[in-house]
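So the structure is just underneath, and the comments pick up after that.
The first residue in the sequence is number 1, and the count goes up from there. Side chains included, hydrogens not; waters and symmetry mates left out as well; all remaining heavy atoms used.
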Amino acid sequence: MAEETGDHEAQRIEALGDQLVKIHDMLRGQLNDLRAALDSPDAGTGDGRSVPLDHQIRKQCLSFCEFLHGHHTAEDEHVLPGLAVSHPELAPVLERLTREHSTISRALDRIQELASGRDVGTGPVREEVERLAAQVEAHLDHEEAQIVEALNSYGPVTL
């Protein structure tokens, strides 16, 4: 039994930057799942017309938006201020990331508003999600390239 606990604890210790990449990979996967759901045959008529947004897709969309909002809020309130202190040379990068978080937040708000509407079709939501996907993918790639090494410099932490 003690060996199981030791293995479990060893799995819970990881560098912050590596944790960030795992969270980003999860976000990428959720975004891809949402895009696939919006592109599925059940989400459209097959002739380019939009059909009403399915309840499950609506839930998936709102859940993704909420999670990404929370992730960026946590970064803005906890991660980025810590990096600003420990790695002041990253100030321009951190300012850019904060601006990108605001831009993405506005896009998420638009998607949430659309997905919450009663008579919304898949077309408008799909268009906004595609725009968001391009922004989010570029943002996550840039963020990882710029701050993972600095976060990992803190050493391993217990999750």
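Of the possible polar contacts, one joining the S153 side chain to the A150 backbone as a donor-acceptor pair under 3.5 Å is found. For S63 (side chain) and K59 (main-chain N/O), no donor-acceptor pair under 3.5 Å exists by modelled atom type.
Using a 4.5 Å heavy-atom cutoff, the side chains of K22 and D25 are not in contact.
Between L132 atom CG and L68 atom CG the span is 6.5 Å, to the nearest 0.5 Å. Taken to the nearest 0.5 Å, the NE2 atom of H87 stands 6.0 Å off from the OH atom of Y154. Atoms CG and CD, from L94 and Q146 in turn, are 9.5 Å apart once rounded to the nearest 0.5 Å.
Partners of R99 by side chain to side chain donor-acceptor pair (under 3.5 Å), not counting sequence neighbours: none found. In this structure, the side chain to side chain contact (heavy atoms under 4.5 Å, CB included) partners of T73, at least two apart in sequence or on a different chain, are E77.
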request  = Please test H72 against H139 for ring-ring contact (aromatic ring centres under 6.0 Å, His included), starting from the C-alpha separation and ending with a verdict.
outcome  = CA-CA 11 Å; H72 282 165; H139 169 75; 5.0 Å; yes
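In terms of hydrophobic clustering, with Ile, Leu, Val, Met, Phe, Trp and Tyr side chains grouped at heavy-atom distances under 4.5 Å, F67 and L62 are assigned to different clusters.
Residue E66 qualifies as open at atom CD: its count of foreign heavy atoms under 6.0 Å is 12 or below.
Under the 3.5 Å distance criterion, with hydrogens and angles disregarded, a donor-acceptor pair is assigned to the side chains of H69 and D109.
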